[in-house]
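All figures in this text were calculated on a predicted structure; none of them were measured in a lab.
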Amino acid sequence: MDEARAREVLAAAGVLPGPASQARLLALGENAVFAAGDLAVKVGRDAELLERARRELAVALWLEEAGVPAVRAAEPTALSVDGHPVTVWRRLPEPVRPTEPRDVAVLLRLVHALPLPSSFELPPRELLGGVERWLRLAGDVIDPADAAYLRERRDGFASAAAALTPHLTPGPIHGDALPRNVHVGPDGPVLIDLETFSADLREHDLVVMALSRDRYGLPAEAHDAFTAAYGWDVREWEGCAVLRGARETASCAWVAQHAPSNPKALAEFERRVASLRDGDPEVRWYPF
C-alpha cells in the first residue's frame, strides 16, 4: 500500500469532514496515518490487520478507564473499507519537545502495574508472528536465501523464547515501546500506536531500548536514563539475548515488506541480514 492507495481508502471511508486529498500524511508503515482538523485516521495495509485494529480500540478505552495517558479513539468501531481496516482517533496537539527514552519508561511503569483487562482478552506478544507476512509482501525482490535464513531464525528464537523464565511478573505490555510510540504534548507523555498491546513477558518492552542502544545509535546515557526511570536494566537478565535475537529477526523482516517499492528499504534489509549472518551485534541499523 502506497500513499495514493491509502488516500483512495481514506476517501472511500468518508470519515473526514473535508476531502481526503487535503489530509496530511503523518506516517506510512503497516498503517498510513493521516491528520485533518481534530482527527487522525489510520488506514491498515491489508485485511489481516482488521482484528488487530478492533483490539487497539478496546485497548484505548481500557487505558482511558485506567487513567493511563494514551491516544483516545474518536469512533468506537473499526471500519473495513475496500479490504483495509480504518480507525478514527482524536488528534493529539503538536509535541512540545522530542520524546526521550525516560518518557517511555515512565509510561511503561504505569502499564506494567495494570492487571489484565476483564472486558476483552490480550493475546500473547506475537513478536515473530508477522515475519511470514512481511516476507511474503517482499516477494521475489529479496534473495530467497535471506528469506529462508530469517524463517530459520524465527523458528529457533520462537522455541527459545517459549522456554524463558521471566524476572518480572508477566502481564500487559505495550509490545513496541519505542520513543516514536510516545508523544509529548502540553500535558506530558502519552502512548500512541496501541495495536501491539499484549499479555506477555514485561521484558519484551525493555529489550526494545537495549537493542536501540546497540543497533540504532541510542546514546548510552539515554539508555541509562531509561533504566533509572523504570528501575531495572533488562540486560541483567539471562533471557535478554533471546528476546533481543527475536526482535532483531522481526525488525529485519519488517523492513522487507517495503523493499518492492523502496530501494532504500531493500538496502537496509540487506544490511540487517548481513549483520545477522556475520553474528555482529553492533553493526549500525537505521530506522525505517
Side-chain angles (χ1 to χ4, degrees), residues 1-50 52-57 59-61 63-64 68-100 103-104 107 130 134 137 174-197 216 254-255 257-265 268 286-288:
M1 179 181 69
D2 57 13
E3 179 180 349
R5 174 56 182 160
R7 286 190 184 277
E8 289 176 359
V9 176
L10 181 63
V15 293
L16 294 179
S21 60
Q22 294 181 8
R24 181 159 65 98
L25 180 68
L26 301 179
L28 182 61
E30 282 207 291
N31 299 286
V33 184
F34 295 95
D38 59 356
L39 297 178
V41 181
K42 296 176 72 171
V43 178
R45 182 172 289 273
D46 55 46
E48 293 181 43
L49 299 177
L50 178 59
R52 193 172 77 172
R54 289 170 174 160
R55 186 170 60 250
E56 184 179 18
L57 291 171
V59 168
L61 178 59
L63 292 178
E64 184 173 9
V68 176
V71 66
R72 307 305 187 198
E75 297 291 341
T77 57
L79 304 175
S80 178
V81 181
D82 294 340
H84 298 267
V86 176
T87 52
V88 187
W89 303 85
R90 298 177 194 166
R91 186 176 179 181
L92 294 169
E94 291 299 312
V96 297
R97 62 170 174 83
T99 302
E100 299 177 11
D103 298 317
V104 182
L107 292 173
W134 298 327
L137 289 170
H174 180 277
D176 196 24
L178 287 162
R180 72 184 182 203
N181 290 331
V182 170
H183 179 97
V184 183
D187 297 324
V190 300
L191 284 171
I192 60 177
D193 289 341
L194 311 177
E195 66 262 24
T196 53
F197 255 80
Y216 296 100
W254 182 88
V255 173
Q257 69 181 314
H258 299 285
S261 61
N262 192 327
K264 291 183 179 179
E268 179 63 18
Y286 295 91
F288 198 86

Requested in this report: Decide yes or no on side chain to side chain contact (heavy atoms under 4.5 Å, CB included) for Val182 and Leu191, but give the supporting numbers first.
Outcome: CA-CA 5 Å; Val182 170; Leu191 284 171; 4.0 Å; yes

Do the non-hydrogen side-chain atoms of [X] and [Y] ever get within less than 4.5 Å of each other?
X: Thr87; Y: Val41; result: no
X: Leu39; Y: Val15; result: no
X: Phe197; Y: Leu63; result: yes
X: Val43; Y: Met1; result: yes
X: Leu79; Y: His84; result: no

Query raised in the report: Just by distance, with hydrogens left out, do Trp89 and Glu56 show a side-chain donor and acceptor under 3.5 Å apart?
Result: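 On atom types as modelled, these side chains do not qualify, holding no pair under 3.5 Å.
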
Requested in this report: Would you check, one step at a time, whether the test side chain to side chain contact (heavy atoms under 4.5 Å, CB included) holds for Val9 with Val86?
Outcome: CA-CA 8 Å; Val9 176; Val86 176; 3.8 Å; yes

Query raised in the report: For Trp254, does its backbone N or O pair with a side-chain atom of Gln257 as donor and acceptor, under 3.5 Å?
Result: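 Flag set: sc Gln257 to bb Trp254 pair under 3.5 Å.
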
Of the non-hydrogen atoms in [X] and [Y], which two are nearest, and what is the gap between them?
X: Ala12; Y: Val81; result: CB-CG1, 3.7 Å
X: Asn31; Y: Arg52; result: ND2-NH2, 4.3 Å
X: Ala23; Y: Leu16; result: CB-CD1, 3.9 Å
X: Ala32; Y: Leu25; result: CB-CD1, 4.3 Å
X: Ser80; Y: Leu50; result: CB-CD2, 4.2 Å
X: Glu94; Y: Pro186; result: O-CD, 4.2 Å

Query raised in the report: Would you call Asp193-Lys42 a salt bridge at under 4.0 Å N-O?
Result: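 Looking at Lys42 together with Asp193, the answer is yes, because their closest N to O distance falls below 4.0 Å.
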
Query - With sequence neighbours excluded, residues passing side-chain hydrogen bond (donor to acceptor under 3.5 Å, both in side chains) with Arg7 - result: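 Arg7 satisfies side-chain hydrogen bond (donor to acceptor under 3.5 Å, both in side chains) with Glu3 once adjacent residues are dropped.
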
